[in-house]
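Some notes on the structure that comes next.
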Amino acid sequence: MRTYFVRTFGCQMNKHDSERIAGMLEAQLGLATAVTPEQADVVVFNTCAVREGAEERLRGHVSSLKATKRENPDVLIAVGGCIGQRDSETLLSYLPHVDVVFGTHNIEHLPALLEAAATSRRPQIETLERGEAFASDLPSRREHPWHAWLPITVGCDNFCTYCIVPHVRGRERSRSFKNIVAEAERLVADNVVEITLLGQNVNSYGRDRYGEPRFADVLQAVAATGIRRLRFVTSHPKDLSDNTIAVMSVEPAVCRSLHLPVQSGSTRLLTAMNRRYTKEQYLALVDRLYDAMPDLSLSTDVIVGFPGETAADFAETMEVVEHCRYDQAFTFLYSPREGTPAARLTDTVPADVAQERFDRLVSAIQSSAHRKNQALIGSVQEVLIEGGSRRNSSIITGRTAGNKVVHTAAPDGVSAATLAGRFATVRIEDAQTWFLTGAIQGYERS
Ligand code: SF4
């Protein structure tokens, strides 16, 4: 049987797209999964242009398949996602053994492009902004049967000055409300217990659909389908409404876990980043969130060393971190992305200064995360079991509604694989910075 391998880089949107790509390759081309790219007949790289060095990593991965391609010229290599979209003109010049380049809007045509490349023995390129805005009507092969990504918007209108996303994913478009709820109902019927609503900025859902429901309505309607857990990413602070906070605080299915990127604590830098909120507005929003949900688990993104960042700017970032009591943060040392306005800024922060600030920030985040986790000792948490621990097969691993990783010993005679996708109650006995440990009190039998 012919096989495929999909390698995914980047964000949750790419992970979702990869599940659709895998589903199409199975349903439309009859392919089965391969364990490694070297064993596959079709290898797809679903790329990300957000992180630094993305092209180098892609070059490394694709180049490592040169020998495979030489031995078997029928092997097909496809590159999609953000680098496919952005570099369609140049990609084949530096990776000539690629057969298909497809953009972020052309996923549904991948099987046809692969067939055309096999028949014609010529590279196929399609990066046009047309066709289905959402890949969700395509078949899917979910990584975990119990979890599904459910996109509600694609693209982004915010144009933060450091970010490449609006340039490769296009303008924001909202999916129809009816379509979202119908897919959620199908997923619940298919025994999915956790849905993550997806969008570059889910909070602005519906802005392009005059008179239609907004994000709080989507949250409420999907929660009403009977889904056990409902999450959403990503939130832009300027668009997170009080209605959404109200739904989060009363709907039991909506996890009290929120990713709210702050990026900087300095209003001056936030303006330079085109974030369109001030430090004070962000802090007031976080206060409203904790007032409504004192047990909220809060995470963020922070960029250190944005051009022009002074010691005073960074001190404000540290103040925000202290105030917000984050459970987790993704911290980034600024580096310019070609094609973004910030890449033209010249007042760069010296590398050693940025690194010293970065280290202080990481240490503050770790202390905050550790304090929040320590506060959970003695509590009983509902944990969705994901499987066995990678290091110790007698330990099972899952996540709380607050998105905390929990490790616990498997009950006697029960394997981690049996429990995967089921809920257990776990009494928390110890807390580290990034995980909790505890004793299992009970678990769902089926
Ligand atoms: S909100 Fe800003 S950072 Fe997020 S995807 Fe849009 S432009 Fe990029």
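Since this is a predicted model, take the numbers as computed values, not measurements. Note that ligands are numbered from 1 as they come in the structure, with each ligand's atoms numbered from 1 the same way. Residue numbers start at 1 and run along the sequence shown.
- Counting backbone and side-chain atoms alike, Cys160 contributes no N/O/S atom closer than 2.8 Å to atom 6 (Fe) of ligand 1.
- Less than 4.0 angstrom separates some heavy atom of Val165 from each of these atoms of ligand 1: 5 (S).
- The nearest heavy-atom contact from the protein to atom 6 (Fe) of ligand 1 is Cys156 SG, 2.2 Å.
- Results of the salt bridge (Lys or Arg N to Asp or Glu O under 4.0 Å) test with Arg228 over Glu194, Glu382, Glu251 single out Glu382 as the only residue that passes.
- Ring pair Tyr334/Phe306 is perpendicular by interplanar angle, where above 60° counts as perpendicular and below 30° as parallel.
- At a 4.0 Å heavy-atom cut-off, ligand 1 touches Pro166 through the side chain alone.
- For Lys69 (side chain) and Val75 (main-chain N/O), a donor-acceptor pair under 3.5 Å exists by modelled atom type.
- Which parts of ligand 1 touch Phe159 is read off a 4.0 Å heavy-atom cut-off, strictly below it: atoms 7 (S).
- The protein atom (non-hydrogen) at minimum distance from atom 8 (Fe) of ligand 1 is Cys163 SG, 2.3 Å.
- The backbone N or O of Ile77 sits less than 3.5 Å from a side-chain atom of Asp99, completing a donor-acceptor pair.
- Judged by distance alone, with hydrogens and angles left aside, the side-chain atoms of Ser249 form no donor-acceptor pair with the main-chain N or O of Met293 at under 3.5 Å.
- The backbone N or O of Arg214 sits less than 3.5 Å from a side-chain atom of Asp217, completing a donor-acceptor pair.
- Nearest-residue assignment for atom 5 (S) of ligand 1 (options Glu172, Gln200, Arg275, His236; heavy-atom criterion): Gln200.
- By the 30° and 60° cut-offs, the orientation of the rings of Trp149 relative to His147 is perpendicular.
- When non-hydrogen atoms are compared, ligand 1 lies under 4.0 Å from the side chain of Tyr162 (C-beta onward) but not from its backbone.
- With hydrogens left out, the protein atom closest to atom 1 (S) of ligand 1 is Asn158 ND2, 3.5 Å, a heavy atom.
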